[in-house]
Q: 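Encoded as structure tokens, here's the structure I'll be asking about.
Labels below follow one simple rule: chain letters A, B, ... track the order of the sequence lines, proteins then strands, and each chain is numbered from 1. Worth saying up front: this structure is predicted, and the values here are computed from it rather than measured.
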Protein chains: 2
Amino acid sequence: MSRTTQTAFVTLTSALSLCVALWQPAYGQTAATERHQVNATTVAEGLNFPWGLAFLPNGDALITEKSGSLRRVSPNGAISAPIKGVPDVVYKSQGGLLDVAIDPNFADTPWVYLSYAEADPAGGDGNSTAVARGKLNGNALTDVTVIFRGAPKYKSGAHFGSRLVFSPQGHLFITLGDRYSAMDDAQTLDNHHGKVVRIWPDGSIPKDNPFVRDDGALDAIWSYGHRNVQGAAIHPETGALWTVEHGPKGGDEINIPEAGKNYGWPIATYGVDYDGSVISDQTHAEGTVQPHYYWVPSIATSNMIFYTGDMFPAWQGDALIAALKGAKVARLDLDGERVMHEESLFAELIQQRIRDIAQGPDGAIYLITDDRNGRFIRITNAAE
Amino acid sequence: MSRTTQTAFVTLTSALSLCVALWQPAYGQTAATERHQVNATTVAEGLNFPWGLAFLPNGDALITEKSGSLRRVSPNGAISAPIKGVPDVVYKSQGGLLDVAIDPNFADTPWVYLSYAEADPAGGDGNSTAVARGKLNGNALTDVTVIFRGAPKYKSGAHFGSRLVFSPQGHLFITLGDRYSAMDDAQTLDNHHGKVVRIWPDGSIPKDNPFVRDDGALDAIWSYGHRNVQGAAIHPETGALWTVEHGPKGGDEINIPEAGKNYGWPIATYGVDYDGSVISDQTHAEGTVQPHYYWVPSIATSNMIFYTGDMFPAWQGDALIAALKGAKVARLDLDGERVMHEESLFAELIQQRIRDIAQGPDGAIYLITDDRNGRFIRITNAAE
Ligand SMILES: [Ca+2]
Ligand SMILES: [Ca+2]
Ligand SMILES: [Ca+2]
Ligand SMILES: [Ca+2]
């Protein structure tokens, strides 16, 4: 942080306590944090339970709405009509149109990836997380193909996981959920419940996936023993996948999933079930990996990023974890992989559950909120 | 944690919320924590600003009072008359009789070590942290010798540091403070301000101390760039020294001080000065080591332990850091050295600043409180 920035920070603090004391739903509000003074601006509102957010190279954002629409939102807040060609989704409870990701080589071929709750193509009453991709041409997706289909189809409206992130080598990681009532499946490898999977963007299986030579295990599986992994990001220095998953009541976790490893759910957890009953009395279990970091009580982690922009120099390299509960972003000040400190950001500015977080091409931080009148919010440095 | 313990924990939670809601200064109160149900019992009270606490092999505790008395307290709470032979102390502001430690070979030779603010033997008006040892015989110390004398003598009532811990190899670590107005001295090696020092118990200098061959540096120095290190413990698995130091306003730190390294104060810090002014605009500085973990805002760390007892199975291997502010103990759930989670313990039970923490021979956790009517408190497992 420059001397100028720090001085401004200190000078503004007292003036801002007034501001914060009189808070209202934020349209251009300012708040103090430990290292930066920030502004929150609502870029667009009226989004219907937006779930996923990704930036196009031209600076537009693609935003999913859970009911099944994919929209383009320009930096000035103009919201497009629904983009055509999006697959049908099961819009029920936690299911619907979920995450969106842009191909790393979008300039060559404009693939857009969508995760969603998919009905059983055979007509059964089950559903599962699926991933499709299509080429974005104007306001339509063309050549739409399903590249991943979670197995089995299962009758539940809960725990779809669904974040999409690309590894530096071009693999696509898809994070999944345990479908709640099927939680025990997270410990067996003949299904995708409670797994992180790794595929190539065309849906083929990387030959070095950990279970490709195991006949009893599904080939896409990367790691297992997860509960409901709704957040994922690639560490900018190590290139490793980091995930955040919802615990039951308490026990939200960050993990750094490694090939073939077991992250413990439901045999080891730091949480209890929603009704307070005990799922497991174990926080540790043989053959399972401890979380890298965890929260008790839960903050209800949605997605995470590693901040790498120039706009907030003091946050470079830090993990920012969006939370549904408390409408906040948890900043983990990292030294490499080590968590040195946790700070709670933006809660007084947002006042709605935060469903996704992204770093914009401008280095600002963007949030979408989980609400019938969902907002698309830009967080900028008030000292710039 | 056994299944029995966990079940008891869950069952008692609702009954206990009533208890907690009606809190009063605690004499035999119970509280819920994430993993254990605990009782707090006041073993003894009426201690005059107790500062240091150490257990003798027979189960008695030695407790210092800042005004200059060392007392023996039995497990049933009987407080002895002041033990004779304690050196004169400068009892002023933060200075006085400070820590107490027992020789690892106490059964052979009953050495007791005391740190304290010592006047200038040459008659000047400065003072510094000194350490003396004496043999405990009944209610007196004999053969009392000063084994360490901080340099220079300096006119200040602040930042004496003063924790005493033995390494597994038998070295004595003494943690020191920057004397506040001499903070810049923490970056130079011709003085003991803002240092951790390492000596043998007889006061001699270990030959492998990092600066013994450096003529411009004092030979006792182990690490530097500290502010006011009032807490220290040896990690039970690695054998490494861990310390906690007070930040200015924000920026309390845990460090794992290694030989010859610079921990940054006052050129790099996560805090600002008490009046909100900027001491350094840097959290990072070339050649300095980042904290292992830090707190903003400050919790005012006093001492720390690693819990290794049987009474609280879920806390084994965790760091417990006592705090003056908030009258609490911060539990850092550790996986090896890695902090996975922080929990705030005991605040509703204590209601006084906590000055020292120790694990008793019975596996219970003992606290002393920084008060004119200071208390000696035993924390036990309510499920046992
Ligand atoms: Ca886990
Ligand atoms: Ca940082
Ligand atoms: Ca430091
Ligand atoms: Ca633990």
Side-chain angles (χ1 to χ4, degrees), chain A residues 1-11 13-14 33-35 247 249-256 268-273 275-284 289-297 313-318 331-344, chain B residues 1-14 33-35 247 249-256 268 270-273 275-284 289-297 313-318 331-344:
Chain A
M1 177 184 286
S2 72
R3 184 170 293 270
T4 318
T5 311
Q6 174 69 51
T7 308
F9 173 78
V10 172
T11 312
T13 303
S14 46
T33 74
E34 288 172 17
R35 310 299 309 170
K249 181 179 176 183
D252 292 357
E253 297 182 356
I254 290 189
N255 291 294
I256 308 177
T269 175
Y270 285 89
V272 293
D273 208 350
D275 60 3
S277 70
V278 176
I279 292 170
S280 169
D281 58 0
Q282 306 288 333
T283 55
H284 295 64
V289 181
Q290 283 290 293
H292 190 67
Y293 190 80
Y294 72 87
W295 288 268
V296 173
W315 297 347
Q316 284 168 1
D318 291 349
R331 177 174 72 96
L332 297 185
D333 192 350
L334 298 180
D335 189 37
E337 296 194 329
R338 180 166 46 87
V339 178
M340 293 193 293
H341 176 61
E342 178 177 347
E343 178 185 12
S344 191
Chain B
M1 176 185 283
S2 71
R3 185 171 292 271
T4 318
T5 310
Q6 176 67 53
T7 309
F9 172 80
V10 173
T11 313
L12 287 169
T13 304
S14 46
T33 75
E34 289 172 16
R35 310 299 309 172
K249 182 179 176 181
D252 292 356
E253 297 182 354
I254 290 189
N255 290 294
I256 309 179
Y270 286 89
V272 293
D273 210 350
D275 60 2
S277 69
V278 176
I279 291 171
S280 167
D281 58 359
Q282 306 289 332
T283 55
H284 295 64
V289 181
Q290 284 290 294
H292 189 68
Y293 189 81
Y294 71 86
W295 288 267
V296 174
W315 297 346
Q316 285 169 0
D318 292 349
R331 177 174 73 96
L332 298 184
D333 192 351
L334 299 179
D335 188 38
E337 294 194 331
R338 179 166 47 86
V339 178
M340 295 193 293
H341 176 61
E342 178 178 346
E343 179 185 12
S344 192

Q: About how many Å separate CG of B:Asp335 and OH of A:Tyr294, when rounded to the nearest 0.5 Å?
A: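 CG of B:Asp335 is found 10.0 Å from OH of A:Tyr294.
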Q: Is there a side-chain contact between B:Ile254 and A:Met340 (heavy atoms, below 4.5 Å)?
A: no
Q: May I ask you to decide if B:His292's main-chain N or O and A:Arg338's side chain share a donor-acceptor pair within less than 3.5 Å?
A: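 Answer holds: yes.
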Q: Looking only at non-hydrogen atoms, find the nearest pair between B:Tyr270 and A:Asp333 and report the distance.
A: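 Where B:Tyr270 meets A:Asp333 most closely, the heavy atoms are CE2-OD2, 3.5 Å.
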Q: Looking only at heavy atoms, what is the nearest atom pair of A:Val296 and B:Glu34, with distance?
A: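 For A:Val296 versus B:Glu34, the nearest heavy atoms are O-OE2, 3.4 Å.
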Q: When only pairs under 4.5 Å are counted, which of B:His341, B:Glu342, B:Glu253 shares the most heavy-atom pairs with chain A?
A: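 Looking at each option in turn, the highest pair count goes to B:His341.
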